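Remarks on the structure that follows.
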2 protein chains.
Amino acid sequence: MSTSVARLETSLNTTFATRHWPVISGDVVTRVVPADDEFAVLDDAGTRLSFCRNETIFEEGENAKYCYRLVSGSVRLCKFLLDGRRQIADFFLADDLFGFADIDTHAFSAEAVTDVVLLRYPRARVEMLIDVDVHLRRKLIQLTHERLNTTQMHLVMLGRHTVKERIALFLIRIAERLGLDADVGGEIDLPMSRLDIADYLGLTIETVCRAISDLKRAGVIAVPNTHRIVLQDARRLRNLVEGATLLSA
Amino acid sequence: MSTSVARLETSLNTTFATRHWPVISGDVVTRVVPADDEFAVLDDAGTRLSFCRNETIFEEGENAKYCYRLVSGSVRLCKFLLDGRRQIADFFLADDLFGFADIDTHAFSAEAVTDVVLLRYPRARVEMLIDVDVHLRRKLIQLTHERLNTTQMHLVMLGRHTVKERIALFLIRIAERLGLDADVGGEIDLPMSRLDIADYLGLTIETVCRAISDLKRAGVIAVPNTHRIVLQDARRLRNLVEGATLLSA
DNA sequence: CGAACAATTGACAGACCTCAAGCGACGTGG
DNA sequence: CCACGTCGCTTGAGGTCTGTCAATTGTTCG
């Protein structure tokens, strides 16, 4: 599959050949954007691009000429060490912005976790607009601040949380980002592989599997298929992360 | 000295009596600010405050009414879990800004690592100035982006680096922040305790001690006293972090 | 000099990683 | 349509690194 590949500008007629899993048609997902669209002003400057699963969107060290907005699919932001170790710093989901904080060159690589459609903005243009448009500016600053905060929470997870806590937090936070109420429960459609999760949580794939199996065995979650997780006992899931944060989730 | 101290506004007559180590007089350190001072415009809005070692500057959950600029001393940004685990997300040194990205409430606590002098700015004022002053705005945005980047590098360290690599990276990065050329070597004056280092690196104090002792035994560093580290063999120190980043330090 | 606190070192245990085999879903080819 | 190969996931057995517990040393200050 996806021998084809990413293409560009105009086209987008990438007959995303047959992929196996995440069925996300670049057309179906029609900009379900939150009402307040401070980014409308950016749209004119954007080029629509598509990438196939596992394709690289930009690479560490590359000149950071562009910023991006994810239209559909999901993206991982990652860094590789010389011996192959990998750390994923973030996952981006539909409507997330990324690449805006990269100064001069990208410090991390961005790769398509699933087939992906995104908008690409020239950084110079963005910086110009920031000076001109107060609403855009405020929104971008706010988003950057939020990202710094979530990155710091991620840091706490890697530094001080146990395996069980990390998995539980990961599921809770993904659920919330996908618009579920993690206290009620619901079904999560995980875009990423077990290995991606492991590299996000600073663990090995085996450890992630075992932890998920434990949760399954305990009846806290169900796993109808690999990429689908059902939160059955949201309360117990949350209890797994006490002592989590003193205040926030 | 500095038996005096912290205070402000009203009382806070916590006579933190005598402390043992870092002797930093709040008066001696007179704003050795880099030439380009985009922050001058902030100064009028700032209140000068002092804190004693281990005092809390702001606490997780507190209303984030203020932003801060560190004049002298150093500060840790940390989060506590219910069972006492602690993760330090950042250390701030002289002239660093902090608290600017905190939305609504502080997600982390800030505590004085040494006796500290700082400037406190009302957030509302800062936000107003950001809209008015282009240079201030650009500088603040740039600093926030830099902080996001260093936080992500920190993430890689916690997720994928070994103990030796973490210690080596920590020393290299602190040295650079203190203005040393980490390739040449030099002497680092560590403001923080071993426990602080441990909680910054996601380790225990014992593990940090052992790693430092190993480096000492190997002749890579010398440790004339607890808070002073001499980089004797900068090249070997750097070699410890290959496979570190593919490109950056 | 002694008390309090921080740092260091040692012995041991346990959590997580490594290595390896087995399973399951999916797609291709006979 | 079914068999087989591939790839990702899961499970098991065993080892290692780092955390835990405890004792010792060193430093600062009363």
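Computed from a prediction, not measured in an experiment: that's the story for all the values here. A note on names: the letters A, B, ... follow the listed sequences, proteins ahead of strands, and every chain is numbered from 1.
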Item checked: Contacts of Leu178(B) that satisfy side-chain contact (heavy atoms from CB on, under 4.5 Å) - sequence neighbours left out ->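 Once residues adjacent in sequence are excluded, the partners of Leu178(B) under the side-chain contact (heavy atoms from CB on, under 4.5 Å) criterion are Leu93(B), Ile174(B), Ile188(B).
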Notebook entry, point to check: Between Arg120(B) and Tyr68(B), is NZ or CZ placed under 6.0 angstrom from the six-membered ring centre and within 45° of the ring axis?
Noted result: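 Judged by the rule (NZ or CZ under 6.0 Å from the ring centre, within 45° of its axis), Arg120(B) is not positioned above Tyr68(B).
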Margin query: Whether Arg76(A) engages the ring of Phe91(A) as a cation-pi pair (distance to the six-membered ring centre under 6.0 angstrom, angle to the ring normal within 45°) should be assessed.
Written below: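 Negative - Arg76(A) is either too far from the ring of Phe91(A) or too far off its axis.
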Note to self: The criterion is salt bridge (charged side-chain N to carboxylate O under 4.0 Å, His left out); which residues satisfy it with Arg160(A), sequence neighbours excluded?
What the structure shows: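 For Arg160(A), the residues satisfying salt bridge (charged side-chain N to carboxylate O under 4.0 Å, His left out) (neighbours in sequence not counted) are Asp199(B).
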Checklist line | Shortest non-hydrogen contact between Leu180(A) and Glu187(A), atoms and distance | finding: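 What the structure gives for the nearest pair is CD1-O, 3.3 Å.
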What is the separation between atom [atom1] on [X] and atom [atom2] on [N], rounded to the nearest whole Å?
X	N	atom1	atom2	answer
His227(B)	dA7(C)	NE2	C1'	9 Å
Asp83(A)	dT18(C)	CG	C1'	15 Å
Asn225(A)	dC23(C)	CG	C1'	16 Å
His161(A)	dC16(C)	NE2	C1'	18 Å
Asp199(A)	dC9(D)	CG	C1'	15 Å
Leu201(A)	dC16(C)	CG	P	12 Å
Leu158(A)	dC16(C)	CG	C1'	15 Å
Glu165(B)	dT18(D)	CD	C1'	15 Å

Note to self: Is the shortest side-chain heavy-atom distance between Ile88(B) and Leu77(B) below 4.5 Å?
What the structure shows: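 Result no, sub-4.5 Å side-chain heavy-atom pair not found.
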Item checked: Listed partners of Phe170(A) passing ring-ring contact (aromatic ring centres under 6.0 Å, His included), at least two apart ->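 Listed in chain order: Tyr200(A).
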Margin query: Could you write out DNA chain D as dot-bracket? Rules: Watson-Crick or G-U wobble, both distances under 3.5 Å, brackets [ ] for crossings, | for pairs with another strand, dot for unpaired.
Written below: ||||||||||||||||||||||||||||||
Next item on the list: Applying salt bridge (Lys or Arg N to Asp or Glu O under 4.0 Å), run through Asp95(A) and Arg177(A) and close with a yes or a no.
Entry: CA-CA 11 Å; Asp95(A) 286 317; Arg177(A) 282 183 69 185; over 6 Å; no
Checklist line | Residues within residues 202-212 of chain A bordering DNA chain C, heavy-atom distance below 4.0 Å | finding: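 Within this stretch, Gly202(A), Leu203(A), Thr204(A), Glu206(A), Thr207(A), Arg210(A) sit under 4.0 Å of the strand.
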Next item on the list: Could you tell me whether the phosphate oxygens of dT9(C), OP1 or OP2, come under 4.0 Å of any side-chain nitrogen or oxygen in Ser213(B)?
Entry: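 Checking Ser213(B) against dT9(C): at least one side-chain N or O falls below 4.0 Å of OP1 or OP2.
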Item checked: side chain to side chain donor-acceptor pair (under 3.5 Å) contacts in which one or both residues fall within residues 207-217 of chain A, not counting sequence neighbours ->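 Pairs touching residues 207-217 of chain A that pass the test: Thr204(A)-Thr207(A), Asp214(A)-Arg217(A).
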